[in-house]
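Numbered from 1 within each chain, the chains take letters A, B, ... in sequence-line order. These numbers come from the heavy atoms of this one structure, side chains and all, not from hydrogens, waters or symmetry mates.
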Amino acid sequence: MVRRSLRSTSWRQIKVKTSSGVRIHYRKARPKKAHCAVTGKPLQGVARLWPSEKAPKIAKRPERPYGGVLSSEAMRKLFKEKVRKLDS
Amino acid sequence: MFETGRVCMKIAGRDAGRMCVIVDSIDGRFVLIDGDVRRRKCNIFHLEPLEKTVSLKKGASHEEVAKAFKELGYSVWSTKPKQKTVRPRKVREHLKVQEEKKGHKAEKPKKEKPAAKPKTEKKAPNVPKEEIKK
């Protein structure tokens, strides 16, 4: 029987191969990766932290405009459209 | 297209979305930029050119670029550090008396120490030997 506290989905089951067979280990789950608001692709340079976990501001997202919100490709497209509107 | 004096917008990096001017061309791919951006070389693919141009010499200084940008109405990158603002220190009323006392104590003049006396060797008293034996 599994301990009651380990039965929730906040604990992930991990299968570990040992000489005596496959054993199950338990590990706390992490939040999922952040995704781009435009393209939907997973973002790079964004830390997967719980709200209670502390980290400096620079360590949580890339240091560029729309960092942590848009991917680099989406950001470039956005600025290109801005420039073309300025010219027109 | 990417010649000296061409006004561009930076698309990539920390300075993305800011206006800059091409100051010099290094390679067919790299270019020296300045303006509302750090003065450094940049890849052409990270720039989006505009129709505007500015009359500048090759290798123009930051001050000349700043003049041209002010005429266009764009802001300019400044590397001078900001002056620290001195905040007024708040003191509670019941602590003001203590601080005044500290101020008075500090105003007292320091007393000068007297000159040190020369050390004299202590001599034993002349006691006759007959009395010591007793």
Exercise: identify the closest heavy-atom pair between Met75(A) and Ala16(B): CE-CB, 3.8 Å
Considering all heavy atoms, the nearest Pro65(A)-Gly13(B) contact: CD-O, 3.8 Å
Residues, nucleotides or ligands: over 12 heavy atoms within 6.0 Å of Glu73(A) CD: no
When you group the ILVMFWY residues by side-chain heavy-atom contacts below 4.5 Å and let the links chain together, are [Y] and [X] in the same group?
| X | Y | result |
| --- | --- | --- |
| Tyr66(A) | Val83(A) | yes |
| Val37(B) | Leu86(A) | no |
| Val21(B) | Leu72(B) | yes |
| Trp77(B) | Leu50(B) | no |

Non-hydrogen side-chain atoms of Phe79(A) and Met9(B) separated by less than 4.5 Å: yes
Sidechain N-carboxylate O distance under 4.0 Å for Glu48(B), Lys82(A): no
Residue selection (most heavy-atom pairs with chain A, distance under 4.5 Å) from His46(B), Lys10(B), Glu51(B): Glu51(B)
